[in-house]
Protein chains: 2
Amino acid sequence: MARRRGEIPLLIAMAYRAMTDELHARLDAQGREPLRPAHGYTFRFLLGHDDAMSVDLAEHLGVTKQAASKIVAELEGWGYVERRPHPHDGRARVVGLTAKGLAYVEEADRMWGEAEDRWAAIIGEERLDRLHDDLLGYVEAAGDRAALRPVW
Amino acid sequence: MARRRGEIPLLIAMAYRAMTDELHARLDAQGREPLRPAHGYTFRFLLGHDDAMSVDLAEHLGVTKQAASKIVAELEGWGYVERRPHPHDGRARVVGLTAKGLAYVEEADRMWGEAEDRWAAIIGEERLDRLHDDLLGYVEAAGDRAALRPVW
DNA sequence: CCATAAAGTAAACGCGGTTGACCATTTCGT
DNA sequence: ACGAAATGGTCAACCGCGTTTACTTTATGG
């Protein structure tokens, strides 16, 4: 297919939009709390950082520590995360996923997996593998810029 | 490379984030008005819809007509778009890009093109072509869900 | 030790969207 | 053709979610 220069970023934006749309439609149908992308990104961050503090989350999401603190408080109220005192630092609190939070991530992964399957049905598994590698190549080259965080 | 199921959507999110980040950093450096992604999406929509009304833009962006109207008013104030009375409908106003608006889209396309070039340097032109086709395949299958609009 | 930095909290504000009410014009049903 | 409903647009009030500003408490390092 002919490719106009500069078209790929637009396609990425559209694909991203379509996929998140689909996920959130399914989440709504489950009658969950109104989770936003920032919440999902929070869960993923906590998964990979065992003794994370609010301030670490703030840096990862690219927001102020107050905003991160609000997000954590909200998620704590819903039972997705919990805060414990930091073992060595009296000022700090450690944020961690609860069983409910972990279950959400697994559920989301299943849904993303299904989206992938539908994609695979269109272009095939091998091309999906290459797509994965190509995306990974770009993301790794982008470094910190490619953090998993909200767009605006 | 090994691929975890459900990983691709996350990579798309990261790639999207990295690319928009890069574009907006460049726009800031140009000393432009503080254009947001919704503005860019507005320009693209106007490009493809010659006699669009605010209400059409609202539907495209997935916001209320009041919000779309605010966006148009703001862009009009900055000189990127103009509003003219609708030829056949006394209630309506037709929104169109000005020369400045058109120039912005061309500038953005150049920047996206450069982002593509850097990507091509990593994975090669042929793979970029396939990436384009694969993304297009997904986006076309997603239909209306894959509109070019903000994510949340 | 004491000055500075760092984690967290609280309150006021601001931006960008929605909701609700309304006007003017157009379209539709009978 | 005429009245009712629908449509494009605007205005004002509100609200969610982030920032700014200010402060408290605990660590850290000359």
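The sequence lines fix the lettering, A, B, ..., with proteins before strands; numbering per chain opens at 1.
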Can you tell if the side chain of B:Ser69 reaches within under 4.5 Å of the side chain of B:Arg93, non-hydrogen atoms only?
no
Is a salt bridge present between B:Arg110 and B:Glu114, judged by a nitrogen-to-oxygen distance below 4.0 Å?
yes
The residue, B:Lys65 or A:Lys65, whose nearest nucleotide of DNA chain D is more 5′ is B:Lys65
Just the rounded figure in Å: distance from C1' of D:dG8 to NE2 of B:His60.
19 Å
Ranking A:His88 and A:Gly62 by the position along DNA chain D of their nearest nucleotide, the one closer to 5' is A:Gly62
Any donor-acceptor pair, under 3.5 Å, between the side chain of B:Lys70 and the base of C:dG16, if you only look at N and O atoms?
no
Can you check salt bridge (charged side-chain N to carboxylate O under 4.0 Å, His left out) on A:Asp134 and A:Arg130, steps first, answer last?
CA-CA 6 Å; A:Asp134 294 342; A:Arg130 280 203 302 259; 5.9 Å; no
Answer yes or no: side-chain N or O of B:Gln66 and base N or O of C:dG20 forming a donor-acceptor pair under 3.5 Å.
yes
Considering only heavy atoms, which members of residues 89-96 of chain B lie under 4.0 Å from some atom of DNA chain C?
B:Asp89, B:Gly90, B:Arg91
Would you call A:Arg3 and B:Glu125 a salt bridge, taking side-chain N to carboxylate O under 4.0 Å as the test?
yes
Sugar-phosphate only, base, or nothing, as touched by A:Ser69 at under 4.0 Å among non-hydrogen atoms:
sugar-phosphate
What is the distance, rounded to the nearest whole Å, between atom CE of A:Met53 and atom P of C:dA6?
11 Å
Could you check whether B:Thr64 gets within reach of a base, just the sugar-phosphate, or nothing at all, counting any heavy atom under 4.0 Å?
base
Distance only, no hydrogens: is a donor on one side chain within 3.5 Å (strictly under) of an acceptor on the other, for B:Arg32 and B:Tyr80?
yes
How close or far is atom P of C:dA7 from atom CZ of A:Arg84, stated in whole angstroms?
18 Å
Spacing of A:Tyr41 atom OH relative to D:dG18 atom P, expressed in whole Å
13 Å
A:His132 and its side-chain contact (heavy atoms from CB on, under 4.5 Å) partner, picked from A:Leu135, A:Leu136, A:Leu128
A:Leu136
How many whole angstroms separate atom CG of A:Leu35 from atom P of D:dG16?
17 Å
